[in-house]
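Keep in mind it's a predicted model, so treat the numbers as computed, not measured. In what follows, chains are A, B, ... by sequence order, proteins preceding strands, each numbered from 1.
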Amino acid sequence: MIDLKALRDNPERFKTGAQLKGVTVDVDRLLQLDASKRELGTRAEALRAEQKKLAKETGPKLGQLMGKMKSASGAEKAALEAEVESIKAAPARLKDDIQKLEAEIAAIDPELQTILLAVPLPPDNDVPRGTSEADNVELRRWAPDGWDFAKSFEENKGFAPKTHLELCESLGLVDFPRGVKIAGSRSYVLTGRGMQLHQAILRFAFDTMVNENGFTPMSVPVLVREESMVGTGFFPAGRDQTYHIEESARGGGYDMFLTGTGEVGLMGLHADEILDETTLPRKYVTVSTCFRREAGAAGKDTAGLYRIHQFDKVEQVIIDKADEQTSRAHHQSMMGYVEGLLQKLGLPYRLLQCCTGDLGVKNADMVDIECWMPGRGDVNSDGRPTGAFGETHSASRLYDYQCRRLNMRHREGGEAGKGATTFCHSLNNTVAASPRILIPILEMHQNADGSVTVPEALRGYMGSLEVIA
RNA sequence: GGAGAGGUGGCAGAGCGGUUGAAUGCGCCGGAUUCGAAAUCCGGUAUGGCCUUCGGGUCAUCGGGGGUUCGAAUCCCCCCCUCUCCGCCA
C-alpha cells in the first residue's frame with residue numbers, strides 16, 4: 001500500500017508511476033473520495049466532541065435524577081421525567097447528525113480502500129522505462145569456463161543437446177502421465193534420481209543461505225488467511241493466480257488460500273509488530289511448496305517442468321529499517337547469494353533489469369535472474385531448439401509498500417523505546433525454485449552418452465553420486 | 001467434533017454502565033542520592049487519524065465487526081484467537 005499522504009502531496013508521481021507500470025488506476029477519484037471522507041470526518045469529529053462534552057457534563061446529574069425517579073411518584077416524578085428528557089434532548093440530536101455523517105463515510109470508504117490497494121508503488125527513477133519484458137535490460141552475464149554464449153551448445157560441447165523432457169524420459173526422472181492422472185494438467189511426479197536431485201538442490205540452497213549467508217531458517221504456513229495475502233500485496237492483483245479453499249462455502253469458519261511463495265509466510269511473521277532496531281536486519285529463509293493456478297497461461301511453456309501448478313522453493317527475505325541506501329545494498333547482496341549458488345552449480349546465467357512495465361504493483365525495482373536452457377528457444381532447420389534464457393529467480397525491492405500493508409514497523413530501542421515508529425523496508429528473492437531449476441541443471445550437465453553429471457556441490461546430497469545414467 | 005474458561009497498555013494484572021485512555025506492579029526513559037553501582041526516592045512513559053494561526057486542538061482504539069444507551073473496556077449479537085478436559089489422529 002502506498003502512503004495516502006504522499007499521494008495527496010504529489011499525485012502526479014503516482015499517476016506517472018501507474019502509467020509506467022501499465023496499471024490503470026483512477027488517482028483523481030481516489031483524491032476526491034479522500035477529500036470527501038476527511039471533510040465528513042472532520043464534521044463528525046466536531047459533533048462527537050460536542051456530544052462527549054455534554055455527556056460528561058450532564059451524565060452524573062442524569063444518574064442522580066434517574067435514581068430519584070425510582071423513589072418518586074406523582075407530580076414530582078413527572079417533573080423529574082421532564083427534566084431528564086430535556087437534558088437528553090441535545091446530545092440525542094447530535095447523535096442523529098453524527099450517524100448521518102457516519103453513514104455517508106461508510107458509503108464512500110469501500111471504494112476508497114479498493115482504489116488505494118490498487119495504486120502501485122511508483123518505480124524508481126533508475127528503472128528503465130518499458131511496457132513489457134521485451135524492454136528489460138541485461139545487466140551482466142556469467143558462464144563457467146568452457147562455455148561461450150556466442151556459440152551453440154553443440155559448438156561448445158561437441159554434441160547436440162537433448163531437452164530436459166527427453167532426459168527426464170530416458171533417465172526416468174519424471175513421470176508426467178501419472179502426474180496428470182493424479183492431479184490433472186501441469187502436474188508431474190518426480191521419480192527416483194529426479195526426486196533425489198530435486199531434494200539435493202533445495203537442501204544445497206537452504207543450507208548455503210543458513211550456514212554461509214547468515215539467514216535464519218524458518219518453516220511457515222502455506223495455507224493462509226486472506227489478510228496475509230492482502231498484507232503481503234499479492235491480493236487483490238494476484239487473486240486469479242491463487243488457489244482458494246472455500247471453507248465458508250461448506251459452512252466452515254473462513255476461507256483460506258494456498259501461497260504461491262514462501263514470501264507470504266516469511267513477511268507475515270512480523271505483521272502488526274514493532275521491531276527493535278537492534279534486531280534488524282531480519283534475514284529469513286524458508287523452503288516451502290508453492291501453488292500457482294497459472295490461469296491465463298494456457299499454451300505458454302506448456303511442456304515439461306517449466307510452468308507447473310505446484311513446486312518447491314527456497315525463498316529469502318530481508319526486513320530492515322527504512323533506508324533507501326540500505327535497501328539497495330541488501331538487494332545487491334541477495335542477488336550475489338544467488339550468483340554464488342549458480343556459479344557453484346556451473347550454470348550460465350544473466351541478470352535482467354526489469355523495466356517499469358514488468359515490475360508488478362508492489363516493486364520499486366526488480367531484477368530477474370535467468371539461466372541458460374539449451375532446450376528452449378527458437379528451433380533450427382532440424383526442428384531442434386537452439387537454447388534460450390529462462391527465468392529462474394526474481395529479486396524485488398519494495399521499500400515500505402509491503403510493510404505498510406502488514407503494519408510492520410521499527411523504532412529505536414524496540415517496542416517500549418522512545419521515538420517515532422517507521423514502516424520497515426522489505427526485499428525478497430528466490431534462492432532456488434525446483435523443479436524448474438532442474439531444467440538448466442539437466443540440460444547443461446548432460447553428456448554425449450545421454451547421462452547427466454551431478455554438479456559437485458550436490459553430490460553430498462546424493463550419496464556421492466557423480467553421474468545419473 | 002463435544003464441553004468449559006478466557007482475550008485489557010512493552011509485559012503481568014485490576015476495572016464489569018457515568019472525567020477510565022484506563023488503578024497497581026514490572027520493564028523502559030529522565031532526575032535525585034552515590035566516588036561509581038545496586039537499593040531507595042521523584043517525575044515521565046500507547047498507537048493511529050483529522051484539523052492547526054504550529055501554541056495546540058480533537059477523534060478513534062481495552063481481540064475484530066455490528067447493536068443497545070444521552071453515555072460502553074463494562075450490556076446484547078456475530079466472527080476470530082488462546083487455554084483446559086473428552087473424542088479422533090500423522
_Check for me whether the distance between the ring centres of A:His270 and A:Tyr284 falls short of 6.0 Å._
yes
*Rounded distance (Å) that lies between atom P of B:rG66 and atom CD of A:Glu102*: 9 Å
*Between C1' of B:rC50 and CG of A:Asp9, the distance in whole Å*: 15 Å
*Backbone N/O of A:Glu247 and side chain of A:Asp255: donor-acceptor pair under 3.5 Å*: yes
*Would you please test A:Glu104 and A:Lys37 for salt bridge (charged side-chain N to carboxylate O under 4.0 Å, His left out) and show each step?*
CA-CA 8 Å; A:Glu104 286 184 59; A:Lys37 185 182 172 184; over 6 Å; no
_Can a side-chain donor-acceptor contact be found between A:Gln402 and A:Thr232 if the only test is distance below 3.5 angstrom?_
no
_Selection from B:rC70, B:rC80, B:rC50 that lies nearest to any side-chain heavy atom of A:Thr42_ = B:rC50
*Ignoring backbone atoms, test whether A:Thr421 places a side-chain nitrogen or oxygen under 4.0 Å from the OP1 or OP2 oxygen of B:rG48.*
yes
*Does B:rC70 have OP1 or OP2 sitting under 4.0 Å from an N or O in the side chain of A:Gln51?*
no
*What integer distance in Å separates A:His410:NE2 from B:rU47:C1'?*
16 Å
*Distance, rounded to the nearest Å, where A:Asp255 contributes CG and B:rC80 contributes C1'*: 14 Å
*B:rA46 C1' sits how many Å from A:Ile274 CD1, rounded?*
8 Å
_Taking syn as a glycosidic torsion within 90° of 0 and anything else as anti, which one is B:rG55?_
syn
*Starting at the 5' end of nucleotides 57-62 of chain B, put B wherever the base has a protein heavy atom under 4.0 Å, S where only the sugar-phosphate does, and a dash everywhere else.*
BBSS--
*Just call it for A:Arg8: base, sugar-phosphate, or nothing, with non-hydrogen atoms closer than 4.0 Å on any strand.*
sugar-phosphate
*So, A:Phe257 versus A:Phe235, ring centres under 6.0 angstrom or not?*
yes
*Taking the six-membered ring for Trp and the full ring for Phe, Tyr or His, determine whether the centres of A:Phe215 and A:Tyr337 are under 6.0 Å apart.*
yes
*So, is A:Arg43 close to the B:rC50 phosphate, meaning a side-chain N or O under 4.0 Å from OP1 or OP2?*
no
_Both conditions, 6.0 Å and 45 degrees, for the charged tip of A:Lys362 above the ring of A:Phe234: are they met here?_
yes
*Are any non-hydrogen side-chain atoms of A:His425 and A:Asp320 less than 4.5 angstrom apart?*
no
*Starting at the 5' end of RNA chain B, write a dot or bracket for each base, bracketing those in Watson-Crick or G-U wobble pairs whose two distances are under 3.5 Å and using | for partners on another strand.*
((((((((.[[[..)..(.....]]]((((((.......))))))((((((....)))))).[[[[[..)....]]]]])))))))....
_Residues which pass ring pair (Phe, Tyr, Trp, His ring centres under 6.0 Å) with A:His330, listed by chain and number, not counting sequence neighbours_ = none
